[in-house]
Amino acid sequence: MSDRLVTAGLPLRSRLLVGSAGYPNQQVMLDSIAASGAEVVTVAIRRISLQGYSESLIDVLGSDIRLLPNTAGCSTARDAVLTAKLARDALETSWIKLEVIGDRESLYPDVEEMLKAAAELVTDGFIVLPYCNDDPVTCRKLADLGCATVMPLGAPIGSGQGIRNPGAIETICARSSVPVILDAGVGTASDAAFAMELGCAGVLLNTAIAKSRSPVVMAAAMRAAVDAGYGARKAGRIPKRDYAEPSSPQMGLIGS
Amino acid sequence: MSDRLVTAGLPLRSRLLVGSAGYPNQQVMLDSIAASGAEVVTVAIRRISLQGYSESLIDVLGSDIRLLPNTAGCSTARDAVLTAKLARDALETSWIKLEVIGDRESLYPDVEEMLKAAAELVTDGFIVLPYCNDDPVTCRKLADLGCATVMPLGAPIGSGQGIRNPGAIETICARSSVPVILDAGVGTASDAAFAMELGCAGVLLNTAIAKSRSPVVMAAAMRAAVDAGYGARKAGRIPKRDYAEPSSPQMGLIGS
Amino acid sequence: MSDRLVTAGLPLRSRLLVGSAGYPNQQVMLDSIAASGAEVVTVAIRRISLQGYSESLIDVLGSDIRLLPNTAGCSTARDAVLTAKLARDALETSWIKLEVIGDRESLYPDVEEMLKAAAELVTDGFIVLPYCNDDPVTCRKLADLGCATVMPLGAPIGSGQGIRNPGAIETICARSSVPVILDAGVGTASDAAFAMELGCAGVLLNTAIAKSRSPVVMAAAMRAAVDAGYGARKAGRIPKRDYAEPSSPQMGLIGS
Amino acid sequence: MSDRLVTAGLPLRSRLLVGSAGYPNQQVMLDSIAASGAEVVTVAIRRISLQGYSESLIDVLGSDIRLLPNTAGCSTARDAVLTAKLARDALETSWIKLEVIGDRESLYPDVEEMLKAAAELVTDGFIVLPYCNDDPVTCRKLADLGCATVMPLGAPIGSGQGIRNPGAIETICARSSVPVILDAGVGTASDAAFAMELGCAGVLLNTAIAKSRSPVVMAAAMRAAVDAGYGARKAGRIPKRDYAEPSSPQMGLIGS
Amino acid sequence: MSLTVRLNGKSETIEAATVTELLMATGVDPARRGVAVAVNGEVVPRKSWPEFRLNPGADIEIVRPLQGG
Amino acid sequence: MSLTVRLNGKSETIEAATVTELLMATGVDPARRGVAVAVNGEVVPRKSWPEFRLNPGADIEIVRPLQGG
Amino acid sequence: MSLTVRLNGKSETIEAATVTELLMATGVDPARRGVAVAVNGEVVPRKSWPEFRLNPGADIEIVRPLQGG
Amino acid sequence: MSLTVRLNGKSETIEAATVTELLMATGVDPARRGVAVAVNGEVVPRKSWPEFRLNPGADIEIVRPLQGG
């Protein structure tokens, strides 16, 4: 139990959270989500196309999946808050992945608008999981506002660069009063393991699985990586040493 | 099967190879080895203490473990070869982890002596797994001599620094005609995953498990990490991009 | 001329800006500043001790030095703005290094308060040089507000960790409409050179010189490093290649 | 004087050594060498084309330049030794940059052949400057054989990757009984400064200048970078700290 | 009767007096899970769709979940 | 006459009616460069020091530049 | 009869003519797995222990596996 | 008289009895600095060029410095 990621009082089955976008097709998406072991899956909220619409995500994703709607693409607190409210009504969940983008190229958050939206949503009873900067001050403010987690970026969304500033993530994890979930930037399994070793409580990723050559295989790899990193963190790694230290005994060598 | 690490024609149960030294006690060693899932376990060859001797490793390590004796501590081809021959007679195995140390502080190999010993041992019918430099030329020579694998160092033995020169390891893996096993330097799970992502066929480690705060937990973490890294390599990771790439769809945003 | 760092229309003698704090003694400070070649030197604004006061910095720093007062230690826009106004009156300069700290351990800025203070100071006619996050969105906002430069941190103040997130600094430099000056984190000369190679227009540092074993020598080294990095950026470095490329001609080898 | 790089008893004007290959044209080469301040310039030894030959390097490079012939392209001790002897006769110098290449793609040295050639050349009275691996054991052997310097690679020749294994270079510098000159891999100014900060006595490079967009500007930048790194090393950098440390005084803040 | 409204960002003339009628008119089954509606920047809860009357010029958003990251 | 004010964060009783007198009373030469004064959160420009009258309970800051980074 | 030999690096006087006798004399069960013996730099295979005769001054190594990395 | 030799890796027939004659025959001024010659894997020092006689089948290398790294 103590080994579960508890978010807003709810213990989750997995410390890996995944997105639902960009898979080659729906079946690969479903198989990848299953292979990832994730309980929480993010979805976007978009205008319905007026010529009727295809099978709904809600139906294809089983009931054992917890949908986490996001406010991706919103660039103002106003749009993000309305999107969150629509998501709540559409999906009957008060969980929201808050994204307020400040810049289309870097997709970095707009700190001011994000904090404004977070305050409003928390007040309105949402469970807010904000995608935020790797900035200990902003993360602390989000936690103080009542966000359920903070989700600092490891690198720009979809860049696959991994964790560009491990020191910052480590500082955030060391001080955070809420679970820290690394969001964005993970490119491969070792990145996810590293995030957990830095002290993250979980990892949220999408492109690294969906756009890999074999998403289902990568999903299983990410699942193992999060377990590995979490275990290593718990086990307490050896310190880094500048010089070598023999593992085999030094005594009783022949010819000595 | 194709997913097994095949060494000298023999498919191994696991791509993780572990050492038997430096555990808090024998039970922790046994539990850690079990948790690691390793089939191959390294042992040293040392002079028997003349006042009788304690229970033998051979007896405590079950028959499902393949012992890999090493020549740790040897600094000449002559001592390494004699140690290998004694190991063969003592353990009824022709497998040998060849170590010829050139320097007590860095524990880097002595390339000349190592190559001399490798040639002699291969000729004598040994299955040679040499601990070597992260140097593509030396690795190629070892393979050409008939070594079963090459085992370049990631960082100084016991330093826990991880893989100090990923580019060199990647180059070695890209060209090697024999399996490349990363030996030495791994400090935590993400290091092991990273080694596999670089193209290594396996990872050999000891201190990172034995000297961690909870060796059994770390052993399981390393097992998961090797699976994760191997899977990610197979899955084909996304390329690193300089800029962000949205995962959620860009169309149909409200308020747009 | 085009090679000068132009701030608020003013071409500066040097792309290196230095602090005046933490030197072993005043003479070392003066010699170090001279050795650094810096034209701009930062100072703090503090309450006068009521038992009279020692020789003033203004007098000891020659008239060829441009004092840049900072708002170090302020944690609200209100305190920062009042400090800036006191500095203007005390030093007859409208230049201000804006610092609004959000956290005593990390000394990361408080983005909201910083933006509020920047807006107010710009409106009041100040030349604002804000110490800010390595966040392209916040940097763009500061530039849009009318700040004369942006000064993203390379690493926590005084940590000497160098540039923890080079990709972020490079992105900021690539898009900024105002000069980018790397502030905080530089530990040694190669860090300063690297900052310039990433596209920074200048480097501001203090501890790396003042607390080094030989501040005057380090000051000269930093001066050379900024020139080196600026020159390398201008010269256009070779691309990084995965494999080797011989420099000597491949033809006409003997014995071939 | 103590600040000069002394090689085989000879104090050199500069700690930067440069190559003469790959420049857009001869004038740019000459201007770049002048801008670099280098005293030592490497040249290759190649078969004369039998249809007469162009103006000789010896004539165009002034007498204040010390030519350092190399054995680039040789892959056996035999060829390297003969090339060195031809170079000595052609250039009336006993200095030789020893290169014995083990692999055309990586251009890593062949350690065995290199050591054999070094021993033979030292015995024959040559001043041997070997291009070698970043391997403390091989470097120590070369020094013990009587080489004047060791010149470990930072990264593959011409790759511009910088120093791929700083820890190894630092270990080599910390123990070497002869000057350590970083050879190969430098891509930009900060790489050269970093090499010096690690403890190198000098840097040898060619492609980073010759193939940059503006070789003369890059040559001056490299000169400044070597000075900067050497100065920073001498000055004694501040330690890296995990957390921030304010530079401005903490007392006497207004409003406090 | 027919109304001109702003529907998902486009001006449309619709034959619908309530949200429920609008959904039906635009081929969206009001019983279907996953749909949400906002009018003039305020969410109209599912239970109010039948009686929520639309006025001319109303700014209407009809949304549903889609793959997202 | 004497006033009780808050001076650089401490309550003090001073013998001064104006900023200039206060500076002199506290050993700071008003002609000296580098000094600035705020009263109740507003800067009092140097030129107004002679006539700027201090009231009881005034919150006064007297600052000067110091080594800083 | 007694011999002086170099045993695992130390000079020892032993009461043993063969490797097997030496092992027994030094408390090592020759039947025990994991033991190996070299004399004068050459391995003496287990099967030859009984008849392999030791000469004065022989340099003998008796080894076994230990924890190693 | 004419000789067939291996010259810089190619078989050539030359009209030269000594190194000096060979250099002249191949358009290389023997007085020119920077040239070196090896015959059958041994350097022929500049001073011996005039009298050093070439034999049929000799393996001759003539080199000079070039741009190098």
Side-chain angles (χ1 to χ4, degrees), chain A residues 75-77 99-119 130-145 152-177 184-185 187 198, chain C residues 75-77 99-119 130-145 152-177 184-185 187 198:
Chain A
S75 50
T76 64
E99 285 186 53
V100 188
I101 295 308
D103 168 326
R104 296 249 163 258
E105 291 85 46
S106 71
L107 297 180
Y108 265 57
D110 180 317
V111 174
E112 288 173 301
E113 292 291 312
M114 169 179 58
L115 288 166
K116 221 163 76 188
Y131 155 74
C132 58
N133 302 60
D134 56 352
D135 160 5
V137 173
T138 300
C139 286
R140 198 205 63 239
K141 286 181 163 196
L142 289 164
D144 292 349
L145 284 173
L153 55 84
I157 293 170
S159 71
Q161 290 181 39
I163 300 176
R164 298 204 299 185
N165 191 342
I169 298 297
E170 200 165 23
T171 300
I172 291 164
C173 293
R175 319 246 208 82
S176 184
S177 58
L198 291 171
Chain C
S75 50
T76 62
E99 283 187 54
V100 190
I101 295 307
D103 169 325
R104 296 248 164 260
E105 292 84 44
S106 71
L107 297 180
Y108 265 57
D110 180 317
V111 174
E112 288 173 301
E113 292 292 310
M114 168 179 59
L115 288 166
K116 218 163 78 190
Y131 155 73
C132 59
N133 301 59
D134 56 354
D135 160 6
V137 172
T138 300
C139 287
R140 197 205 64 238
K141 287 181 165 196
L142 289 163
D144 292 349
L145 283 174
L153 55 84
I157 293 170
S159 70
Q161 290 182 38
I163 299 176
R164 298 204 301 185
N165 191 343
I169 298 298
E170 200 166 22
T171 300
I172 291 165
C173 293
R175 321 248 210 78
S176 183
S177 57
L198 291 171

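Here is how names work: the chains are called A, B, and so on, in the same order as the sequence lines, proteins then strands, and each is numbered from 1.
The contact between A:Glu105 and chain C is made by backbone and side chain atoms together, counting heavy-atom distances below 4.5 Å. Proximity to chain C involves both the backbone and the side chain of A:Asn165, based on heavy atoms less than 4.5 angstrom apart. Contact annotation for C:Pro109: only backbone heavy atoms (N, CA, C, O) come within less than 4.5 Å of a heavy atom of chain A. With a 4.5 Å cut-off on non-hydrogen atoms, C:Asp103 touches chain A through its backbone and its side chain both.
Shortest non-hydrogen contact noted between C:Tyr108 and A:Asp134 is CE2-O, 4.3 Å.
Evaluation of the side chain to side chain donor-acceptor pair (under 3.5 Å) rule for A:Arg140 yields A:Asp144 as partners, not counting sequence neighbours. C:Leu115 meets the side-chain contact (heavy atoms from CB on, under 4.5 Å) test with A:Glu112, C:Val111, C:Lys141, C:Leu142, C:Leu145; sequence neighbours excluded. For C:Ser75, the side-chain contact (heavy atoms from CB on, under 4.5 Å) test picks out C:Arg104, with sequence neighbours left out.
Taking 4.5 Å as the heavy-atom cut-off, the residues of residues 167-175 of chain A that approach chain C are A:Gly167, A:Ala168, A:Arg175, ordered by number.
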